[in-house]
Amino acid sequence: MTFNWRYFFILAFTAVTISWMLAMSGDFILTLNSTSNSAQATDNLNVYTASYLGSESDDVGTAVAISPDRTILFTGQIPDHNFGITPVNLLGGGDGVIIQTDATGKELLSLTRIGTIIDDIEVNGRTGKIAVVGDFGLALLGEAQTLLWHQELGSGGSATMSNGRRVAMGTDGTIATLFNKKITLFDESGTALSEFPISGKFVEDVAIHSPSKSIIITGFSQKDRGGCRQLQVAFIRSYDYQGNLNWTNYDWTHAEAHGGNSSCADTRGDRLTLGLDGNLYFAGESAGGNTIFRYDPRDLSKDAPNVIFDPFNHPYNTASNHITYYARFDPETGEIKAGQFNLSRLSSGRGNTIIPRAIAADERGNLYIGGQSAASFANRQESTISGQSGAYAASDNFVLAVPSDLKKRTFMVSWNKGCRGNNQVVGIATGYGITAMISDTAGCDMITVNPVQEKPQGGTEILYSVWEN
């Protein structure tokens with residue numbers, strides 16, 4: 001038989017063409033690697049403690065902070081129950097609590113009551129002074145049990161994830177409060193320095209960058225009646241201490257977002273923090289993968305420096321399920337340095353919901369994101385805490401840790417052991433060699449380790465956990 005060179009070249013060309021097309025298909029390459037564990041450093045997180053914290057009533061966790069003396073401060077609302085500790089009542093006391101533990105979380109040191117609920121807390125790393133906000137307003141504490149001064153703020157609101165009250169402290173001693181889409185700046189003595197409104201539908205969080213004397217906020221606006229019809233658009237904005245705009249990221253008009261490769265997924269700015277490495281960190285969410293977070297926050301014709309290494313940070317095969325996006329910025333200029341998506345996936349490979357509710361970054365730029373995940377985040381079945389396996393049910397509380405280059409998952413875990421209900425991490429703090437999280441749970445089975453309270457007492461319950469960095 002005569003060899004037909006013509007058909008040989010045709011077949012060879014076809015094979016090369018198909019190989020090239022597959023190589024150019026990110027979905028194909030990532031799907032092949034979807035079962036690989038090489039991108040995750042460990043499936044197990046060893047913790048000092050994981051413990052319930054609550055009463056027979058519904059309990060609410062809100063935030064956590066770490067003091068320079070390495071004690072940990074957990075805040076929220078716990079009616080009536082004092083864990084055998086004599087509480088210190090500030091401003092008449094109430095259901096709002098600050099619970100102080102040692103650096104391992106294994107020992108409760110003090111319990112302070114103030115207001116009906118404490119919404120947020122921040123500690124000045126230079127002085128150790130503590131700022132808390134709640135329905136009582138703003139209070140500055142010299143330590144967890146000593147009131148230095150107090151200011152009324154009015155009612156909260158205009159936020160989706162909390163009562164709308166947030167607080168930030170600068171290294172220069174300034175304190176910024178956010179409530180009702182309004183920023184009020186105080187000096188360390190409690191004197192109001194400035195006050196100005198923030199435009200936008202919802203304003204979710206605030207941070208202070210003292211070196212540039214700027215206040216940075218995030219949230220989102222509703223922008224309708226265009227190519228995307230109804231559209232939510234995230235924003236990050238920086239203001240000077242007098243309320244003049246320094247810079248803005250995202251915050252596109254409806255026409256700009258629609259024109260940017262039809263970026264019609266709703267986006268929200270959820271949380272901000274000044275990392276201990278000096279960078280600004282942002283956590284937001286997007287209703288699907290056709291999102292403005294794919295692009296530079298100031299140029300929709302330019303790709304964002306997003307890091308992708310597997311299907312759980314590549315936003316393909318999604319509908320309108322909300323997924324997480326986090327990024328690092330220069331706090332003075334607002335320039336984006338790196339970003340990454342995170343989503344969960346059904347067994348079919350279809351993208352599923354995961355939303356951020358907390359963010360923190362340590363001295364080396366290691367990043368911690370907490371929130372709530374539907375089925376199932378990366379390596380969920382292999383995920384363990386101090387060797388204990390959990391089980392997904394309805395919603396997982398989770399913590400994701402990534403290194404500064406975002407090129408792998410250091411770990412991703414959930415404390416859920418099959419608890420059906422609203423389980424979500426609502427606060428993370430890191431520094432001084434330790435990291436702590438606080439979570440709301442539906443009050444059923446969670447992983448515990450060296451607990452100060454082994455079992456839930458009734459109603460919704462707080463869960464907290466502490467580990468070494």
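Because the structure is predicted, anything quoted here is derived from the model rather than measured.
Remark: the backbone N or O of K408 is not paired with any side-chain donor or acceptor of Q40 at under 3.5 angstrom. A distance-only check finds a donor-acceptor pair linking the side chain of T441 to the backbone of G443 [under 3.5 Å]. Of the possible polar contacts, none joining the W252 side chain to the A234 backbone as a donor-acceptor pair under 3.5 Å is found. T171 contributes no side-chain N or O that, together with a main-chain N or O of S210, makes up a donor-acceptor pair within less than 3.5 Å. For Q457 (side chain) and K455 (main-chain N/O), a donor-acceptor pair under 3.5 Å exists by modelled atom type. Between the side chain of T430 and the backbone N or O of A361 there is no donor-acceptor pair closer than 3.5 Å. Panel note: side chain N279, backbone G365; no donor-acceptor pair is recorded below 3.5 Å. The backbone N or O of I183 sits nowhere less than 3.5 Å from a side-chain atom of Y239 that would complete a donor-acceptor pair. Without hydrogens or angle criteria, N352 side chain to L343 main chain gives no donor-acceptor distance under 3.5 Å. Although no hydrogens or angles enter the test, the distance criterion places no donor-acceptor pair under 3.5 Å between the side chain of N313 and the main chain of N342.
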Take V206 and L272, measure what side-chain contact (heavy atoms from CB on, under 4.5 Å) needs, and give me the verdict at the end. CA-CA 6 Å; V206 60; L272 286 176; over 6 Å; no
Could you go through S51 and T49, starting from their C-alpha distance and side-chain angles, then the distance that decides it, and tell me whether this counts as side-chain hydrogen bond (donor to acceptor under 3.5 Å, both in side chains)? CA-CA 6 Å; S51 178; T49 186; 5.2 Å; no
Can you list the steps and then say if Q145 with Q100 is a side-chain hydrogen bond (donor to acceptor under 3.5 Å, both in side chains)? CA-CA 10 Å; Q145 298 176 293; Q100 183 183 37; over 6 Å; no
Applying salt bridge (Lys or Arg N to Asp or Glu O under 4.0 Å), run through D310 and R409 and close with a yes or a no. CA-CA 10 Å; D310 75 3; R409 277 179 295 275; 2.4 Å; yes
Would S439 and N397 count as a side-chain hydrogen bond (donor to acceptor under 3.5 Å, both in side chains) if you check the C-alpha gap in whole Å, the side-chain angles of each, and the deciding distance to 0.1 Å? CA-CA 7 Å; S439 173; N397 58 359; 3.0 Å; yes
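A salt bridge links D362 with R364: at least one charged nitrogen is closer than 4.0 Å to a carboxylate oxygen. Between R237 and D251, at least one side-chain nitrogen of the basic residue sits less than 4.0 Å from a carboxylate oxygen of the acidic one, meeting the salt-bridge criterion. Note on E204 versus R357: no salt bridge recorded, every NZ/NE/NH1/NH2 to OD/OE distance being 4.0 Å or above. Between D119 and R165 there is a salt bridge, with a side-chain nitrogen of the basic residue lying less than 4.0 Å from a carboxylate oxygen of the acidic one.
Contacts of S286 classified as side chain to side chain donor-acceptor pair (under 3.5 Å), with partners at least two apart in sequence or in another chain: T291. Residues passing the ring pair (Phe, Tyr, Trp, His ring centres under 6.0 Å) test with Y48, sequence neighbours excluded: none. Residues passing the ring pair (Phe, Tyr, Trp, His ring centres under 6.0 Å) test with F235: none are found, sequence neighbours excluded.
Remark: I117 CD1 to T75 OG1 distance equals 8.5 Å, nearest 0.5 Å. To the nearest 0.5 Å, atoms OG1 (T127) and CG (L140) are separated by 7.5 Å. Between the CD1 atom in I118 and the CD1 atom in I78 there is a gap of 10.0 Å [rounded to 0.5 Å]. Distance NE2/H314 to CZ/F309: 12.5 Å, rounded to 0.5 Å.
Proximity of F282 to D270: side-chain heavy atoms (C-beta onward) are nowhere separated by under 4.5 Å. Between V233 and F220, every side-chain heavy-atom pair lies at or beyond the 4.5 Å cut-off.
For the residue pair N82 / R113, a side-chain donor-acceptor distance below 3.5 Å is found, with atom types taken as modelled. Under 3.5 Å, the side chains of S263 and R294 contain a donor-acceptor pair of N or O atoms. In the model, D95 has no side-chain atom that pairs as donor or acceptor with a side-chain atom of T116 under 3.5 Å. In the model, T384 has a side-chain atom that pairs as donor or acceptor with a side-chain atom of N44 under 3.5 Å. A donor-acceptor contact closer than 3.5 angstrom is absent between the side chains of Y432 and D69. For the 3.5 Å distance criterion, the side chains of Y325 and N306 qualify, holding a donor opposite an acceptor. With no hydrogens or angles considered, no side-chain donor-acceptor pair links S383 and N379 at under 3.5 Å. If you check the side chains of T435 and N469, you find a donor sitting under 3.5 Å from an acceptor.
Using bins of under 30°, 30° to 60° and over 60° for the plane-to-plane angle, the ring pair F411/W467 lands in the perpendicular bin. Using a 30° and 60° split on the angle between ring planes, F293 and Y250 fall in the perpendicular class, above 60°.
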